[in-house]
There are 2 protein chains.
Amino acid sequence: MSGKTVRTARTRVRTAVREVPGPCAHWNDEDADFIREILDLVGDKWSVLIIGSLERGPTRYSDLADLIPGISQRMLTLTLKQLQRNGLVTRTAYPEVPPRVEYALTELGTSLLSTVLALAAWSAERHCEIRRHQQEFDADTTS
Amino acid sequence: MSGKTVRTARTRVRTAVREVPGPCAHWNDEDADFIREILDLVGDKWSVLIIGSLERGPTRYSDLADLIPGISQRMLTLTLKQLQRNGLVTRTAYPEVPPRVEYALTELGTSLLSTVLALAAWSAERHCEIRRHQQEFDADTTS
DNA sequence: CTGCATCCCGGTGGATACTG
DNA sequence: CAGTATCCACCGGGATGCAG
């Protein structure tokens, strides 16, 4: 997982998903990698929640901890660092006492948020439908 | 964490994400739950790849295995069953010899695909930007 | 207040071998 | 061909305690 075969072609990336020239596979390395990249960004347990909590502007560490019920300090710190590394949030430490640190969404983070929100909307629309399918399936399986 | 506090209100789900009545938290239980629901659906390692591979129509088990490099039989079976349970794909077994089984996207699955594709597009657009940030960050951190 | 270090447990998923 | 079953390594992530 450390190799990742650095792709050089960034061209025509979006169309690659839909237009497939021949009869061969459409999940060509590149496309699959983009999926993986997203999953690495937001596939974990807390990233999206944190990003969403930053929607309204710069927020302090402790405020984030309050906004996101159930998150541990460890995960908050870790995920924030990860988000920062990916350029989705910025970290600003004010040299005061007691220390104050604010996290904020970058433009990149904001753009991701809006995209992710679409997913959340989808879930909101369909989640009862999904539940129904699950129950049907479980009923059938429970022989 | 096993309780999950079964919500009874499915009302006004989509607006809940953007409109926040008061000054309080916007990640109200419901919204967070929708995020979690999505993550359960597509947050794993293979779901999205499988869904994408089904884009062109019904596909056989072995064909899927070929289309998705690196997936194990175990994970292919498991993930397909999960997708089926959630009503995203259908499984059709033809009573022939040798056996033939085809998986296909449901309308629900298709709708999710298009939403997920938006995320993939985002990743395609921004991934070089992300890489840049990562390298900068790592360079700074590598003291 | 903000954050790292450590311990530890459960789940995810890979490898492999076997069945209808 | 289309799975099922078993074993096991890895790591995400919770709890707790300490530090700047």
Side-chain angles (χ1 to χ4, degrees), chain A residues 1-3 32 35-36 38-50 53-54 58-86 89-104 137 141 143, chain B residues 1-4 32 35-36 39-50 53-54 58-86 89-104 137 140-143:
Chain A
M1 198 54 67
S2 45
I35 300 291
R36 282 286 148 68
I38 292 184
L39 257 37
D40 285 347
L41 287 183
V42 303
D44 59 289
K45 199 173 179 181
W46 301 109
S47 290
V48 187
L49 279 321
I50 292 182
S53 297
L54 290 173
T59 311
R60 301 184 56 166
Y61 180 88
S62 51
D63 289 340
L64 283 175
D66 292 341
L67 283 171
I68 308 171
I71 195 172
S72 62
Q73 290 188 356
R74 170 191 161 84
M75 275 305 109
L76 182 53
T77 303
L78 247 58
T79 310
L80 279 171
K81 195 177 297 179
Q82 192 60 32
L83 292 174
Q84 188 191 353
R85 184 177 115 91
N86 295 326
V89 310
T90 58
R91 194 194 106 116
T92 316
Y94 298 90
E96 309 170 353
V97 19
R100 180 167 60 105
V101 179
E102 284 189 343
Y103 293 89
F137 186 91
T141 311
S143 54
Chain B
M1 197 55 67
S2 46
K4 287 224 89 180
I35 300 291
R36 283 285 148 70
L39 257 36
D40 286 347
L41 287 183
V42 303
D44 59 288
K45 199 172 180 183
W46 300 108
S47 291
V48 188
L49 278 321
I50 292 181
S53 297
L54 290 173
T59 311
R60 302 183 56 166
Y61 181 87
S62 52
D63 289 340
L64 283 175
D66 292 341
L67 283 172
I68 308 172
I71 195 172
S72 61
Q73 290 189 357
R74 169 193 160 84
M75 275 304 110
L76 182 53
T77 304
L78 246 57
T79 312
L80 279 172
K81 199 175 296 180
Q82 191 61 32
L83 292 174
Q84 189 191 352
R85 183 178 115 91
N86 295 325
V89 311
T90 57
R91 195 194 106 115
T92 315
Y94 299 90
E96 308 169 354
V97 23
R100 180 166 60 105
V101 178
E102 284 189 344
Y103 293 89
F137 186 91
D140 292 351
T141 311
T142 309
S143 55

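Heavy-atom basis, side chains included; hydrogens, waters and symmetry copies ignored. All chains are named by letter (A, B, ...) in the order of the sequence lines, taking the proteins before the strands, and each is independently numbered beginning at 1.
Per the geometry, CZ belonging to A:R36 stands 13 Å off C1' belonging to C:dT12, to the nearest Å. C:dT12 atom C1' lies 15 Å from atom CG of A:D40, rounded to whole Å. Taking atom CG of B:L78 as the reference point, atom C1' of C:dG14 lies 12 Å away to the nearest angstrom. Taking atom CG of A:L64 as the reference point, atom P of C:dT2 lies 9 Å away to the nearest angstrom. Between the P atom of D:dC11 and the NZ atom of B:K45 lies a distance of 10 Å, rounded to the nearest Å. A:I71 places its CD1 atom 8 Å from the P atom of D:dG14, with the value rounded to the nearest Å. In this structure, the CG atom of B:L49 is 14 Å from the C1' atom of C:dG13, given to the nearest Å. As a whole-Å value, the separation of A:L39 CG from C:dT12 C1' is 13 Å.
The minimum heavy-atom distance linking A:T79 with A:M75 is given by the pair OG1-O, 2.6 Å. Between B:V89 and B:L80, the closest heavy-atom pair is CG2-O, 4.0 Å. The two residues B:S53 and B:L64 come nearest to each other via the heavy atoms CB-CD2, 3.8 Å. Looking at every heavy atom in both residues, B:Y103 comes nearest to B:L54 through O-CD2, 3.4 Å. The shortest heavy-atom contact between B:Y61 and B:Q73 is OH-O, 3.3 Å. Contact detail for B:V42 and A:L39: the closest heavy-atom pair is O-CD1, 3.9 Å.
Taking the salt bridge (charged side-chain N to carboxylate O under 4.0 Å, His left out) definition, one finds that A:R100 meets it with A:E96, A:E102, sequence neighbours left out.
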What are the atom names and distances for every N/O pair under 3.5 Å that joins the protein to nucleotides 5-11 of chain C?
residue: C:dT6; atom: O4; partner: A:R74; partner atom: NH1; Å: 3.2

Using nucleotides 1-3 of chain D, report all nitrogen or oxygen pairs with the protein that are shorter than 3.5 Å.
residue: D:dC1; atom: O3'; partner: B:R60; partner atom: NH2; Å: 3.0
residue: D:dC1; atom: O3'; partner: B:P99; partner atom: O; Å: 3.3
residue: D:dA2; atom: OP1; partner: B:R60; partner atom: NE; Å: 3.1
residue: D:dA2; atom: OP1; partner: B:R60; partner atom: NH2; Å: 3.1
residue: D:dA2; atom: OP1; partner: B:V101; partner atom: N; Å: 3.3
residue: D:dA2; atom: OP2; partner: B:S62; partner atom: N; Å: 2.9
residue: D:dA2; atom: OP2; partner: B:S62; partner atom: OG; Å: 2.7
residue: D:dG3; atom: OP1; partner: B:R91; partner atom: NH1; Å: 2.1
residue: D:dG3; atom: OP2; partner: B:Y103; partner atom: OH; Å: 2.8
residue: D:dG3; atom: N7; partner: B:Q73; partner atom: OE1; Å: 2.8
residue: D:dG3; atom: O6; partner: B:Q73; partner atom: OE1; Å: 3.0

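One N or O on the side chain of B:S47 and one on the backbone of B:L41 form a donor-acceptor pair closer than 3.5 Å. At least one donor-acceptor pair under 3.5 Å links the side chain of B:R36 to the backbone N or O of A:K45.
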